[in-house]
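Following: one structure in structure tokens, then a few remarks.
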Amino acid sequence: MNRRKPSVQVDKPIPQKKSRKVTIVRELSPLMSHVGFQGGRHLHPDRLPTKQHDATVSLRIFDTKEETIENVQKYSDSLKRLLVSGIHLKTVPESLIDRLTHLEKLDLSNNQLGDGAIPDDMKKLEKLSDLALNNNKLTKVPPAIKRLKYLARLDLSTNGLDSLKGLEKNRRMQILVLDNNKVSNVFPDISHMQRLEVLKCKDNVVKEIECDVRNLRSLRDLDLSGNSIVVLPSDVFFLPKLEYLSASQNKISKVPVFNIKVNNKHEISDIDLSGNKITKFPGHLLRICKRTDLSSNKIKNLNINSLKNLERDPDKDLIIDDNPLVFPPADMQDLRSMMIYMHEERLKMKVYRGVKVVVLGSHQSGKTSLIQSLIDQQGVLSEDVHEAGAGIESYDMSIDYEPEGDEEQGKSLNLCIWDFCGHAFYRYPHYLFFEQPSIAILTFDMKAYSSEEFDDLIASWFDWMMAKTNKIVTILVGTHGDLLTKAQQNDVIEDVKKQLAEYKDTRARSINERIQAFRKPGMKLSKALSEHLVVLSKLQYSFDHLRVPNTIIMTSSKQFVGFDLLRQEIEKLARSDNFPNVMQEIKTFWVDAEDYIEEKGVTMVQPVMTFEEFRNEVDEKFGMRRMINAMTEYLHEKGKVLNFSQTPSLKEYVFVRPLWLFELLRQIYHHDISNVLSYEKTNSFKAVGMSTNRFERTKSELLSEGVIDRELLQGMIGDLVPTDMNDIFDDVIKILLEGFCIGYPVAKLKESSQGTAKYNHHVKQDDKGKMKIQKILIPWLRKIGEPEDMKEKWQRLSERKNIRILCKFPIYFPPGFFETLCIRIHQKKTRTDYPDKIKKMDSQEKVKMNFMAHWGGGIHARNDEHKVHIKIHYVPGGDNVGTDLLFELRADIIDIDKEDEAAPGTMWNLVYPLLFEFEETIKSYEGSILVERRVCCPLCNSPSFVGEWQQPKQLQTELQDNLQRKCEACKEMVETDYLIQPRGQKTVERVLMQLEQMMS
């Protein structure tokens, strides 16, 4: 099936309102014809001017004799079109165009014009918008063209051009025709043409489509057929207005794999890739294109999942003629028969379990280029852009699995690859997705590397990984190796190996020194110290058994170097004991269920199910209920669904379209949200009724306060959740708040409220038990400083009774730890999972700790009943080593003579729920986090005492006969009430409260 390609209008007449009677005028040169009039309905070669003084707008001349030029000049005041084509013209007389200042179109095609034939006086044609120079003998772009600032249509086809230098200033170009030349580099020279809609560049010698093509965001029609292009970059398919793409008759062997945005609404009408050397069926194109021509390639196998796009949309068309098809057989032409055959055959095929690969590394370290090159098996360069360089991208690929011993031949190792954006902003949001079992590819830019940069580029990533898991399996990859000499490459590799060894030894030595401190002769350990020693021993084991990569793989995506070694290393690690399930045969119904779930996810508006709904539906469709848990785990590892079974707040959800979730979180967590968030880029903000003023006001609130307005959020995710479906939007908010714990609801205070507080941090439920959520405070986005009035108030309480607890992170403080803790503390009012020792506490004390201020590094809160001010914050550790997280409580009274200060026991009752949340947050990190728990002396604030709150009953027994302890810093005796909750304090307070209630 051939489509009709849009033609380029080279000579489009101006519509006229009425016709005129035409007579011959003798004084007009007989060599001039095709004369048009202002007000004439049509242009016709036989029409000539009348005796009346009408305004001539179009002329065609057949020679450039002096008499002809003189006649042309007579119409200089009105002439808009001049046709001088096909007259063997070798040079353009300056006198011809000297006075034609109103000229809009000039046709000089089909002549013999060479370099230098176009006079500089052409720059006087300031209104010229259409210039035809096709079928001439030009080898360079005429210099005068760059002076034509209103030029919108330019035809340079069928010349001898080898470069487009000279078009740098033509920013209004809309149509550019370059067919049949010798141009090799196109896009760097035209990337400034942001209005360009049509680019015809067939039959040239173009070998590469540079990344500059992404700047042509108005491009609708792109024809690059008949060139020597080998790599087709994904940037081409992401052009937002592209309708027609022809890259036929090139040397393309593979179409890049790319993710199609969940909210993508743009569809390409026609993609022609016929006559290339494509071997792997690019089924993902069927999702974005109405008509795909892959005829005359080398494709042997089609993909059944991709062909389902044709089943769902009968208007889509796929041309696959003249390919050596094997699966399905080439004689099958009917789509239905193809699908039936492929489904039946697939049931006979064996499917094997693969492995997840996460790709990490600092921002712009070359991760995306590395992944694309690895998948496409050819060098691909992909620079970070806002859309692709944020959040997580997911890819699937398979590599040949070399059999060992009696293993079956012809197996493939399936890889699920997750590309983590390396910007430091994402180290907190991405923690959830860094799971085991997986292979971590850690990339670093060899060109940017130095010994001083080792911590930022490599060591910090190992700390990040080890905080989440003790079982990391890592491949270290140096990128941009082509930018260094061989000697420089060796120097970098050797230095990285040296630094890695020192990193491991330093961490292990630091932990060992702490262990030895507990093994002094005669030292008696409390139970809490004993548990701390156990944690240290586990950390020591983790670092002793840390598998630092012995081999550093040097790669170059530009030269496609090092990728064979990378594939071999991935296969080697996949065979190791770390991945016992890899290459196990998958049960047939799992494969069928995978197809069913994937298709269902595409059709769901909100592709999220409760686990119970998911299990019931799969059970009803396929049975095998007892195996659904194992199947879900398999699909999760493969990236086909997401079920965070180890995360309590999310284990009841199944995300059946992971890309939807990635895109949802990307809309909220974006390192460059100030530039990405735009009112004009989407209609969603208008759909929710936001004016531009309200949008700018709520955007400013998000950027400055880290508080997101309900309407703003609804507009931000409007392409994922329809703006008219409020029930679904409310469900999404619930998942974000309760599942992903992105923040908590707040309400804007009136300006007349006292103090500098802008928000009420505790939104109350209505009579029906529902909470109206208008704004959400997102701690990770809140970067403001500590309010001055809170500083002053805290300082005024410095002499009051206080408890100060220090949790020191001497090695690594995980990004987002404090933010997570704040949200847990805020949510604790509705928590029911406290252990018995916490549940026994007075519930009113837990409820009445209200947030007063929340800034980038801490929170201020108050318990009104007992008049206690609570401050939780983190600061750099002593000597800038590590990080100190502090829980501080002070009696919040001004006049000590008139009011009683809260007793230390009361303060401990208040701090215990906070410390419980702290310990639960620590447990959520399954890896190696070293925390030293201390209680500070109330007299000198020195952290002199070991924090014993994890085992308080044991300590209470030990302190029964010893009610004071000596501070090693100030040498003063300190009441143990300030170091641990006094025994019996809770019982006394509860009895008194019950008596009070009885008396009332």
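A quick note: this is a predicted structure, and the numbers were derived from the prediction, not measured.
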* Asked: Step by step, would you call Ile145 with Leu151 a side chain to side chain contact (heavy atoms under 4.5 Å, CB included)?
  -> CA-CA 8 Å; Ile145 289 182; Leu151 191 63; 3.9 Å; yes

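- Side-chain polar atoms of Lys686 and Asn683 form no donor-acceptor pair below 3.5 angstrom.
- Note on residues 140-151: no pairs pass salt bridge (charged side-chain N to carboxylate O under 4.0 Å, His left out), not counting sequence neighbours.
- Every residue two or more places apart in sequence or in another chain that forms a salt bridge (Lys or Arg N to Asp or Glu O under 4.0 Å) with Lys316 is listed here: Glu267.
- Applying the side chain to side chain donor-acceptor pair (under 3.5 Å) test to pairs two or more places apart or on separate chains, those with a residue in residues 110-119 are His88-Gln112, Asp115-Thr139.
- Judged purely by distance below 3.5 Å, without hydrogens or angles, the side chains of Asn693 and Ser691 never pair a donor atom with an acceptor atom.
- The only option from Asp223, Val206, Asn181, Leu222 that meets the side chain to side chain contact (heavy atoms under 4.5 Å, CB included) definition with Cys201 turns out to be Val206.
- Every residue was checked against the side-chain hydrogen bond (donor to acceptor under 3.5 Å, both in side chains) condition with Asp121, not counting sequence neighbours, and none meets it.
- Residues that satisfy the side-chain hydrogen bond (donor to acceptor under 3.5 Å, both in side chains) test with Thr91, not counting sequence neighbours, are absent from this structure.
- Residues Leu133 and Leu131 form a side-chain contact, since some pair of their non-hydrogen atoms from C-beta on lies under 4.5 Å apart.
- Listed by first and then second residue, the salt bridge (charged side-chain N to carboxylate O under 4.0 Å, His left out) pairs that reach into residues 689-698 are Arg694-Asp709, Arg694-Glu711, sequence neighbours excluded.
- Looking only at atom types and distance, the side chain of Asp672 has a donor-acceptor partner in the side chain of Asn675 under 3.5 Å away.
- Leu178 CG to Asp155 CG: the interatomic distance, rounded to the nearest 0.5 Å, is 8.5 Å.
- Shown here for Asp719 and Ser684, the closest heavy-atom pair between the two residues is OD1-OG, 3.6 Å.
- To the nearest 0.5 Å, atom NZ of residue Lys254 and atom CG of residue Asn276 are 14.5 Å apart.
- Aromatic ring pairs are classed by plane angle as parallel below 30°, tilted from 30° to 60° and perpendicular above 60°; the pair Tyr679 and Phe685 is parallel.
- The environment of NZ in Lys202 is sparse: at most 12 heavy-atom neighbours from other residues, nucleotides or ligands sit within 6.0 Å.
- Atom CD1 in Ile392 sits 8.0 Å away from atom CG in Leu665 (nearest 0.5 Å).
- Contact of the Val92 side chain with the Ile118 side chain is registered, since non-hydrogen atoms from C-beta on lie closer than 4.5 Å.
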Compile the donor-acceptor pairs under 3.5 Å between side chains in residues 184-193 and protein atoms, sequence neighbours left out, one pair per line.
| residue | atom | partner | partner atom | Å |
| --- | --- | --- | --- | --- |
| Asp189 | OD1 | Lys165 | NZ | 3.1 |
| His192 | NE2 | Leu167 | O | 2.7 |
| His192 | NE2 | Glu168 | O | 3.1 |

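- Under a 3.5 Å cut-off, the side chain of Lys699 and the backbone N or O of Leu677 do form a donor-acceptor pair.
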* Asked: How far apart are the C-alpha atoms of Thr68 and Asp63, what are their side-chain angles, what is the distance that settles it, and do they pass the side chain to side chain donor-acceptor pair (under 3.5 Å) test?
  -> CA-CA 7 Å; Thr68 303; Asp63 66 38; 2.6 Å; yes

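- In this view, Arg99 satisfies the salt bridge (Lys or Arg N to Asp or Glu O under 4.0 Å) rule with no residue, not counting sequence neighbours.
- Partners of Ser556 according to the side-chain hydrogen bond (donor to acceptor under 3.5 Å, both in side chains) rule, which considers only residues two or more places apart in sequence or in another chain, are Asp482.
- Under the 3.5 Å distance criterion, with hydrogens and angles disregarded, no donor-acceptor pair is assigned to the side chains of Thr479 and Thr443.
- Legend: residues meeting ring-ring contact (aromatic ring centres under 6.0 Å, His included) with Phe420, ordered by chain and number and at least two apart, are His430.
- Annotation: side chain of Leu720 is in contact with side chain of Trp660 (closest heavy-atom distance under 4.5 Å).
- A search for salt bridge (Lys or Arg N to Asp or Glu O under 4.0 Å) contacts involving Asp77 returns nothing, not counting sequence neighbours.
- Residues meeting the salt bridge (Lys or Arg N to Asp or Glu O under 4.0 Å) test with Glu243, sequence neighbours left out: none.
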